[in-house]
Amino acid sequence: MERERPCTFLIHNDTVDIPVSQLKEQLENGDLAVKISALKKIILLTLNGQPLPQLLMSVIRFCMPQKDKTMKKLLLLFWELCEKTGPDGKLLHEMILVCSHFRNDLNHPNEYVRGSTLRFLCKLKEAEILEPLVPSVRANLEYRHAYVRRNAVLAVYSIYKAFSFLIPDAPELIFNFLNTEGDAACKRNAFIMLFNCDQDKAIEYLSSVIGQVNTFGDILQIIVIELIRKVCKSTASGSDRAKYLKCLFELLKAPSPAVQFEAAGALVGLTSAPTAVRAAAATFIQLLCNEADNNVKIIVTDKLDAIRLKHKKTLQPLLMDILRALSTPNMDIRKKTLDIALDLVSPQNIDEAILYLKKEIAKTQVAGFEKGGEYRQMLIQAIHACAVKYPSVASNVVLALMDFLGDANIPTAVEVVTFVREVAETYPELRESILRKLFLSLKHITASSVYRTALWVLGEYALTTDDIDQAFSTLKGEIGALPLVKDGSEDENEGGDKEKKEKADVLLSPQLPSSRPAILADGTYATQSAFSVPKITAPQENEGSLRRLLEAGDFFLGSALSTTLTKLVLRSFLEEDLEASQKHAFAVEVLLIMVNILKLGKSPQTKNQIDDDSYGRICSCIRILSDGGFLSRKHNGADEAEAEEAEEEDGTTTTTKASSKPRQASFIRELYLQFCRDSFSDMLRQKQKEEAEKKKEKDEQVSVQADDLLVLRQLRANRVVGADEADDLEDDLGQVTGLQNEDSKQGLQLNRLRQLTGLSDPVYAEAYVQVHVYDIVLDVLVINQTPDTLQNLCLELATLGDLKLCERPRNYNLGPFDSKRIRANIKVSSTETGIIFGNIVYDVAGQATTLNADKNCVILNDIHIDIMDYISPAQCTHVDFRNMWSEFEWENKVVVNTEIRDVNEYLEHIMKVTNMGCLTPKKALEGECGFISANLYAKSVFGEDALANLSIERQPETGKIEGSIRIRSKKQGIALSLGDKITSSQRTNKTKEEVKAWLK
């Protein structure tokens, strides 16, 4: 198969084809400007696959004698592109004239002409042309100008690498040149030549100047570091290795940040000594704190993270230095820094780390601090993780963080109250101080989600009589004066039984309008009507945010408040110190508050009417306190009053009913006071267990198996790479370009083949679709299935979606039954399902183009780019998920239509199809309840988020799963693509089930 020639430069060209005769005329008879323009057109046409060998002599005769610098530069580009050999592979005779021209330019008095010609010789791969030019290249090594000398070194390097027999003494020549040269760029090029062509000579030179390396220029120092890295891993002895490591230690103090970075990376890769690792890490930290470029900071944090994985204990003393990187305003760098720091926290430095994080939180409260709320939330999460890991600091931070319960940034306040709830459950000795602080902080809370969690804490951990009394007093003060809504429009002071009766009649009867005549501006009469509606009382100055939230229509908070008050009442009935009258009075007050919340929810003036769920929840609490056996004269497990009434009645059924109430009361008490907290404790234990298992798996992960292949650097092939060779520059480049895994991917190509045309078409085409991170490569195989020669065959492609064709494939000629591989690159800019479509057009040799224009076009099948290649499962916190869910505007709702009968199986199916991770804990999905509500999350390679909520239920009558899947994202394309993927999978599964049923 024909192999494409390498191309050293690309120029975009939109010009049409130009006749050869016109170009020849411009070269022969035009002035200098016309010749330059014609030569440019020839270069562009040659680049686009239209060689023009008939113009070669015209260029030699009419362009080469010109002395214009622009013409000389264009000529070098032309000689770089044009074919220099004939069909038999031998050099063209015209090249003799070109060699003479090159020799003259190598001896030109202008240093720019010499240097540019020497650079051009580096790209020539014809030994017949280079051989007569070698003496001139050698002579330029001694030219007075450094620009010529540095390019002469590169020319010698290129000639020796391609044809060593032309300059057999090149290493010795460059070694002598290096000893006498003074220019830094020339020395760098010479050292690169020795480094790649004769490593022994490079080592000999380095050994002679090892004490002067710190005085070299930075461009030469970087090459020295690469040589040391390579030598120490291959042939260096013990004494030489120590000498080279000492040189690296000195280069850590170099003025150039690039040299410091390379020296630190080489030092970590060559030795595991704690002193060396600590010095390299200190250098990385210095770069992290001092460099202004965020890209450099991100790369350095990756290096520090790699060191942390291998040398965690060595890096722990440098924790406070790492935390100094939090001063950067970039949130991504702050997050990566905190992730590294949290893993380095130990009992020895935990106090200092917590103190530093507290100071950072204090900085975020300064007015004008950039992204203060988001950064504060991140810091609180870090402190939360430290407190869970080291209980000794929990008491020092939890009370300080409770000052942020009323933070304007709601995620920050939610993170704080979540931390408080977890600490209250994990550390019983801190509950009293937490409750005292919470009583004072309730009036500052403004977010409903934070208030609900705070109410849960009060309801679960207010255990003593004093705590219950203080909790109720605080909540009563937050609610304010009752009623929450007035019964009429009259003033409260103008009362009386008659007015109260009228107000009650207004509430219980339809509100009819009252009418009276009115005089308009034009003197006519009109009737005006007015409704008498309940009036919401204005909040007093001492009323808190709880009342404002309730009046704003947040009745979910009202149901949480009712549940908390019910818990307090139930717990008060267990206190033996309180009298029955006090317990009854407490319960009545709570019932009054609940009734007022319901009345507020049904008021016409409320912004949002109470929802059915909250209404039912509050009614359940009212029913429990009023008819649950808790307000009887004696309440000690068996109600004696009810037992006496049961004895007076005849029959066993009444006795059973009477005895069931105490059992019901006992169950309700356990349900409210015990089961809820047990569920939360189980959740915390499960979370800690999962984290411990992940850490254990990470710690016990075997890096090298007993039967792994032994890698010997001296004997290895290019494709064999050891697990510990990630520090090699060559290996890094191999991993980036994907060349190392090329052999392993050969077997997977059949899975990505797409047939583009039919087998009976004149031209058969199939494409291998190779998806990279930011681009798609189409390797199209085109086969001529006719006995005719196809001319100007062109693959025309177009894209739909966020795809862009990088370059248009050029035209080809295909002989009878011949084949050709055509490559096309397509750039991807976002995560969205794209479509590639097009056709193949061609001309048949010997036939008129106009007569067969319609027949000489083959339409290609569409290629659909799968979104699954760009997204992967990810994890995020529940708070982040809720924030993104409320922020993202694009939503796609997919109705469930499947033959799967198990809800858990359907969830696994959706996760597999959409490549999303489940955020809902496994414990919450256990059991056979018949319904599931789960949150799914995925992240794309472009940093885009995809959210999904699965809500399904299995119908007991039919066993069929019903429900919906809601997908949200910031961009419409992701939501639509994931929805189409789910719909397509449901349709495919349904078809499979129908086929199976038909076969049965």
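Not measured: the values here are computed from a predicted model.
- Applying the side-chain contact (heavy atoms from CB on, under 4.5 Å) criterion to Arg119, with sequence neighbours excluded, gives Tyr147, Asn151.
- At a threshold of 4.5 Å between non-hydrogen side-chain atoms, the residues Val98 and Ile129 do not count as touching.
- Counting heavy atoms from C-beta on, the side chains of Leu106 and Arg114 never come closer than 4.5 Å.
- At distances below 3.5 Å, at least one donor-acceptor pair connects side-chain atoms of Thr180 with backbone N or O atoms of Asn176.
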Q | Criterion side chain to side chain contact (heavy atoms under 4.5 Å, CB included) on Lys73 and Ser116, from CA distance to verdict | A | CA-CA 8 Å; Lys73 186 175 181 179; Ser116 58; over 6 Å; no
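- One N or O on the side chain of Glu181 and one on the backbone of Asp183 form a donor-acceptor pair closer than 3.5 Å.
- Put simply, SG on Cys247 and NZ on Lys243 are 10.0 Å apart, with the number rounded to the nearest 0.5 Å.
- Between Glu262 and Gln221 the shortest side-chain heavy-atom distance does not fall below 4.5 Å.
- Between the side chains of Asn104 and His108, not a single donor N or O lies within less than 3.5 Å of an accepting N or O.
- Closest of all the heavy-atom pairs between Phe284 and Gly265 is CZ-N, 3.7 Å.
- Separating the NZ atom in Lys125 from the CD1 atom in Ile159 is a distance of 9.5 Å, to the nearest 0.5 Å.
- Between Arg229 and Glu226 there is a salt bridge, since at least one side-chain N of the basic residue sits less than 4.0 Å from a carboxylate O of the acidic one.
- In this structure, Lys230 is positioned above the aromatic face of Phe195, its NZ or CZ under 6.0 Å from the six-membered ring centre and within 45° of the axis.
- Between Pro171 and Tyr160 there is a side-chain heavy-atom pair separated by less than 4.5 Å.
- Checked for salt-bridge contact, Asp305 and Lys310 miss the test: no charged N lies under 4.0 Å from a carboxylate O.
- Using bins of under 30°, 30° to 60° and over 60° for the plane-to-plane angle, the ring pair Tyr205/Phe216 lands in the parallel bin.
- Each of Leu315, Leu309, Ile307 was evaluated against His311; a single residue qualifies, Ile307, per the side chain to side chain contact (heavy atoms under 4.5 Å, CB included) test.
- Using a distance-only test at 3.5 Å, with no hydrogens or angles considered, no donor-acceptor pair links the side chain of Asp818 to the main chain of Leu814.
- Taking 4.0 Å as the cut-off between side-chain N and carboxylate O, Lys90 and Glu128 do not count as a salt-bridged pair.
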Q.
Please determine whether salt bridge (charged side-chain N to carboxylate O under 4.0 Å, His left out) holds for the pair Asp169 and Arg138, giving the CA-CA distance in whole Å, both sets of side-chain angles, and the decisive distance to 0.1 Å.
A. CA-CA 11 Å; Asp169 61 336; Arg138 297 172 67 108; 3.0 Å; yes
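- Taking the side chain as every heavy atom from C-beta outward, Leu206 and Val213 approach each other to under 4.5 Å.
- Judged by distance alone, with hydrogens and angles left aside, the side-chain atoms of Asn189 form no donor-acceptor pair with the main-chain N or O of Val153 at under 3.5 Å.
- At least one side-chain heavy atom of Val34 sits less than 4.5 Å from a side-chain heavy atom of Asp31.
- In terms of modelled atom types and a separation under 3.5 Å, the side chain of Ser164 and the main chain of Lys161 share no donor-acceptor contact.
- Rounding to the nearest 0.5 Å gives a distance of 6.0 Å between OG of Ser256 and CD1 of Ile222.
- Looking at Val148 and Glu111, their side chains come closer than 4.5 Å, going by heavy atoms from C-beta outward.
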Q | Test side chain to side chain contact (heavy atoms under 4.5 Å, CB included) applied to Thr85 and Leu92, step by step | A | CA-CA 5 Å; Thr85 57; Leu92 296 175; 5.6 Å; no
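- Looking only at atom types and distance, the side chain of Asn140 has no donor-acceptor partner in the side chain of Arg149 under 3.5 Å away.
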Q: Any chance you could lay out the side chain to side chain contact (heavy atoms under 4.5 Å, CB included) test for Val137 and Leu130, step after step, and finish with the verdict?
A: CA-CA 10 Å; Val137 172; Leu130 293 173; over 6 Å; no
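- A pairwise comparison of heavy atoms in Ala202 and Phe191 identifies O-CE1, 3.9 Å as the closest pair.
- Counting heavy atoms from C-beta on, the side chains of Met95 and Phe102 never come closer than 4.5 Å.
- One finds a salt bridge joining Asp779 and Arg821 here, because a Lys/Arg side-chain nitrogen approaches an Asp/Glu carboxylate oxygen to under 4.0 Å.
- Not a single donor-acceptor pair under 3.5 Å links the side chain of Gln66 to the backbone N or O of Lys72.
- At distances below 3.5 Å, at least one donor-acceptor pair connects side-chain atoms of Thr283 with backbone N or O atoms of Ala279.
- Judged by distance alone, with hydrogens and angles left aside, the side-chain atoms of Arg241 form a donor-acceptor pair with the main-chain N or O of Cys232 at under 3.5 Å.
- Around atom CD of Glu250, more than 12 heavy atoms belonging to other residues, nucleotides or ligands sit under 6.0 Å away.
- Shown here for Leu248 and Ala266, the closest heavy-atom pair between the two residues is CD1-CB, 4.2 Å.
- For the residue pair Ala276 and Phe249, the shortest heavy atom distance occurs at CA-CZ, 3.6 Å.
- A salt bridge links Lys336 with Asp302; the closest basic N to acidic carboxylate O contact falls under 4.0 Å.
- A pairwise comparison of heavy atoms in Ala824 and Leu797 identifies CB-CD1, 3.8 Å as the closest pair.
- Here Asp218 contributes atom CG and Ile225 contributes atom CD1; the two are 10.0 Å apart, rounded to the nearest 0.5 Å.
- Atom NZ of Lys40 has 12 or fewer heavy atoms from other residues, nucleotides or ligands within 6.0 Å.
- The OG atom of Ser158 sits 11.0 Å away from atom CG of Leu118, with the distance rounded to the nearest 0.5 Å.
- Under the 3.5 Å distance criterion, the side-chain polar atoms of Ser37 are left unmatched by any main-chain donor or acceptor of Ala33.
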Q: Could you please spell out the steps behind the side chain to side chain contact (heavy atoms under 4.5 Å, CB included) verdict for Leu781 and Ser819?
A: CA-CA 7 Å; Leu781 174 63; Ser819 63; 4.2 Å; yes
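- Rounded to the nearest 0.5 Å, atoms CD (Glu172) and CZ (Phe177) are 14.5 Å apart.
- In this structure, Leu288 and Lys297 approach most closely via the heavy-atom pair O-NZ, 2.6 Å.
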